[in-house]
Structures are given as C-alpha cells and as structure tokens.
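Data first, discussion second: the structure below is written as structure tokens.
By convention in this document, chain letters (A, B, ...) are assigned in the order of the sequence lines, proteins followed by strands, and residues within each chain are numbered from 1.
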There are 2 protein chains.
Amino acid sequence: MQDDRQASGQAKRKRLDPRQREREIVEGAVLYFSEVGFSGSMRDLAARLGISHALLFRYFPTKEALVDRVYERLFLSRWNPAWDALLDDRSVSLSERLMRFYAQYLAAIDNPAWVRTFVYAGLAGFNINQRYLKLIERKVIAPVARDLEKLAGRHGPAASEKALELSWGLHGEVFYLAIRRWIYGTRVTTDVEGFVALIVTKFLEGAPAALQPVRRARIRASPLTPGS
Amino acid sequence: MQDDRQASGQAKRKRLDPRQREREIVEGAVLYFSEVGFSGSMRDLAARLGISHALLFRYFPTKEALVDRVYERLFLSRWNPAWDALLDDRSVSLSERLMRFYAQYLAAIDNPAWVRTFVYAGLAGFNINQRYLKLIERKVIAPVARDLEKLAGRHGPAASEKALELSWGLHGEVFYLAIRRWIYGTRVTTDVEGFVALIVTKFLEGAPAALQPVRRARIRASPLTPGS
DNA sequence: CGCTATAATGACCATACGGTCAATAGTCTA
DNA sequence: TAGACTATTGACCGTATGGTCATTATAGCG
C-alpha cells in the first residue's frame, strides 16, 4: 500500500519540469478525448492525470488550445516520409507497393486514439479532416489512380474520375476496417497483412475491368418500383 | 412580417394535440442531434422547436429517453423488407442484385441525419450499432459471401473468412462514400448508380480472383516495361 | 359566451462546466 | 540550512446544463 499513486487516497504534489508536464498533459489528453470525445471536461482530464484542473490552464490558456494541440499531435507529423518513396518506386510492382503501403498505413492508424479522434473531428466540423484527406488524395489516391489507368492500358496525364473513385474505394475498405474495430467495437480480423493482401488483390484484379466502359454498359440497373 | 414564427419576436403559445407535438419533437430531435451530436442541450433543441424546454420533459422524462427515441426512429424500421427478397432472388444475376440493392441502400442512408447519428452512436458506445451491423451481416454480408464462393467455384455450407472480409469490403466502400460526404464534408460523386456499378463490377471481377490463394502469387504488375 | 381540462410556460434548483487568482509547497541554489 | 523561484493548488466566479413544479393560457364543449 505504499504505492504513491492516486489510487489509495491523496497523491503527493509533484513538481515537474514544465516541458515534461506539458508532454504528460498532451499525451493524456490524446487518450482521454479519443475515449470520451471533445465534450469531455477539463476537470475529468485533470483527475485522470492526477493533477488539479487549474494546472491545465497554466499550460493551455483555453480548452480549445489543448484540443488544437491534440489534433496537431495526432495528425500532423503522422505521415511517414518513407511512404512517399515507397509509393513512387516504379521498380516495385504496384501490387507489392500497395500491399506494403497499406499494411504499414493500417498499422499506423489502427488504434483507438487515431481513429476515434479523427472521426470526432470530422463530426465537429474541423478543417483538419479535409486538410488530411487532401494530403491522402495527393499522395495516395491520385498516384494509385494513375497507375491503375496504366494497368488498364489507358494513357493520359491525369487520372479519370472513375479511377479516382476506385482508388478511394480501396482506401475506404482499409479505413472501414478500423472503423468497425474502434468505433463500432465489432470483432474484426487481426491479420492485417492477410486483409491487405486480400483487398489489394481484389482491387488489382477487379478495378481495371471496372474501368472498361463496355463492361459496365453490359450491366443494366433496372430500377425497382420506387417504394417508400 | 405578420409571419407568426419565432423570427419576428414572440411566437404565440400554441396548444397542439399531444401526439402531433410528440411527432414534432422527435422529428426535430433527429435533425438537431445529428447536427450537433448528443451533447446538444435540451434548451437548444426546445428553442429550435419554438417551445420551452420544460415541455420536452413533459413528453420525455429524461434526455436519455429522447435520445433512445431518436435511435429507434432512425435505425429500427429502416431496413426495407423488399431488400430481403431482392438479395435472395436467384433468378437475377448477383451483379444485378448487388447493384440494385446497394443503389437503394445507399440512397436510404446517404443523408446527414442517418450517417452522423450512426457514427455518433458508435462513438458513444451504444449497442445500437452492433445490433444493426449484426443485421447487416446476417442479411447482406453472409449471403453475398456465399454467392461469391459459388461464383469462385467453391461449394460449402458456410462462407469462408476471406469471402466475408471481401463482402464487408464492398459494404465498406459504400459506407465510406457516405462518410466522406457527410462527416468529412468533402465533395464526392452524386452519381449513386454510377458509383455502385463501378464498385460492384470491381468486386465481381476481383473478389473471386482474390479468393484463389494461387492467383495471388501470380500477380505481377509490370508497369513501365518499355517496349511492351 | 363561459367553463373546464390540460398543453404550455417561467421561475427555480442542484450540479457541472470553463476559466481566474491569490495562496501554497516542492526543488534547486547560495 | 535559508531563501527564492515557480509549479501547483483550492477556492471562487459566471454561466449553462438536466430536471421540477406551481402557475398560466388556450382549444374544445355545453
């Protein structure tokens, strides 16, 4: 019972180096807000950190400032620079590149803090999401779409709308796995590599075919009676 | 300016039939909570409805009761019974069935109230999501996975793990479109039918191949091979 | 029209929130 | 060890929240 944590009553007041205290606060805030959302209170967070809530306001003038910092910590500087080279390396097959990238990307984002905070931010209407998705579009979606066009035998400077949609589709499958796991709380596969191999294969086998207009026209969507 | 709405000052107190008032409250709550999340206040909601917040408590004893009602309204009774027959109709090709179903399904859920509330509920940890996804798995994912196995030449009573994952992937692509539109606020295609045709084609062309373990190794994307 | 049942309200309560500030207590240096 | 610097705190403020209740006013009826 000589554990000096807050469990068995009063924790002793500890005087830390401000930079370390700040790190602890940010770290704790990342976890806390990812769990309860940004309507969580400063008092609750402070209690979890074992400090008074007044101290939080010494390090961050407002709650909004703390939240901004959490965003920054989670999303900016989350892109691995090595991925640029990986996605661009034409000496490696597209299949290989996609599998490697998405396995690593999924591993990077597949945690509750990232996924939940990202979605919380989207619901709250922050611009962070749109900025982040623009980055994804530029660095992942568009290049993949261009490679896809090449794979389908088409040549052109820019990727078509359809190729972009298909590329977003692949991305969506990856993200949806994380959503099912961390937002809906359902049990999903833990075999990340296997999952990525599966959907990348599906993508490379199916997407070029879907790009051919003739094949699509072959399929008729006859609308059912418009109900309800 | 003889409009008797709340815009030009005081709205006259109106005495409605309780059932209609209740309907108005639920309808308004669905919209309100989908916009601001469930941390929205009863007073705010009441102001939007042009009534006092005390009246809300006459119809719903607690805020939680209102929220429950919103869930019920949005998710239960949202499954179109015609879809059961549609998905099960073996006289129609799987391609046709998938395109029809997902075009209608997407049309049904592709609105801010549904998508945002569903995700809010997931973040809040309600069981509604898991119940709903179990329904989706039973009625959509599993049957599609079985049909997929058949398409790939496999026969068995139950669908394999991989087939289920692939089927979830298709579903995820559809849902991700709605997420991009209503949660991230990015501009995405409004051509629902075209989008669904695209990803269903990709699914049917790619997923059977992805199910074959041998085929996966065969894939060699050789981009930029000069002289081909 | 006058009466009544009850839909609707305003004022109120306890609590929880973001934010402030003077007082307190660790830690490091002389 | 004495002192000073400052990280940390408890008490406090104004506001907003979920929820209650006696009072008020409106629609329907005789």
Exercise. Taking atom C1' of D:dA25 as reference, at what distance in whole Å does atom CD1 of B:Ile51 sit?
Worked result: 16 Å
Exercise. Does the D:dG19 base have a donor-acceptor partner in the side chain of B:Arg43 within less than 3.5 Å?
Worked result: yes
For this session: Would you mind reading off the distance between B:Arg13 atom CZ and C:dT6 atom P, rounded to a whole angstrom?
Result: 16 Å
Exercise. Between residues 15-40 of chain A and DNA chain D, which residues have a heavy-atom gap below 4.0 Å?
Worked result: A:Arg15, A:Leu16, A:Pro18, A:Arg21
Seminar exercise, completed: Rounded to whole Å, CG of A:Leu56 lies from C1' of C:dT20 at a distance of 14 Å
Problem set entry | Separation of D:dT17 P from B:Leu66 CG (nearest whole Å) | 15 Å
Exercise. Could one point to a donor on the side chain of A:His53 or the base of C:dG18 with an acceptor on the other under 3.5 Å away?
Worked result: no
For this session: Flag the pair B:Phe126 / B:Tyr71 as yes when their ring centroid distance falls below 6.0 Å, and as no otherwise.
Result: yes
Exercise. Is there a donor-acceptor pair under 3.5 Å between the side chain of B:Arg146 and the backbone N or O of B:Ala159?
Worked result: no
Exercise. C:dC17 P sits how many Å from A:Glu64 CD, rounded?
Worked result: 19 Å
For this session: Calculate the interatomic distance between B:Phe57 atom CZ and D:dG19 atom C1'; express it in whole Å.
Result: 5 Å
Exercise. Rounded to the nearest Å, what distance is computed from the CZ atom of residue B:Phe60 to the P atom of nucleotide D:dG19?
Worked result: 13 Å
Seminar exercise, completed: A:Ser41 has its side chain closest, among C:dT9, D:dT8, C:dC17, to C:dC17
For this session: Would you mind reading off the distance between A:Arg58 atom CZ and D:dA7 atom P, rounded to a whole angstrom?
Result: 5 Å
Exercise. For the atom pair CG (A:Asn80) and CZ (A:Phe101), what is the distance rounded to the nearest 0.5 Å?
Worked result: 9.5 Å
For this session: Ignoring backbone atoms, test whether A:Tyr59 places a side-chain nitrogen or oxygen under 4.0 Å from the OP1 or OP2 oxygen of D:dT8.
Result: yes
Exercise. For the rings on B:Tyr132 and B:Trp114, is their centre-to-centre separation under 6.0 Å?
Worked result: yes
For this session: Check whether any side-chain N or O of A:Ser52 sits under 4.0 Å from OP1 or OP2 of D:dG10, and answer yes or no.
Result: no
For this session: Using the ring pair (Phe, Tyr, Trp, His ring centres under 6.0 Å) rule, take B:Phe118 and A:Tyr184 through it: C-alpha gap first, then chi angles, then the decisive distance, then the call.
Result: CA-CA 10 Å; B:Phe118 192 70; A:Tyr184 301 150; 5.2 Å; yes
For this session: Please check if the side chain of B:Ser167 supplies one atom and the backbone of B:Ala163 the other of a donor-acceptor pair under 3.5 Å.
Result: no
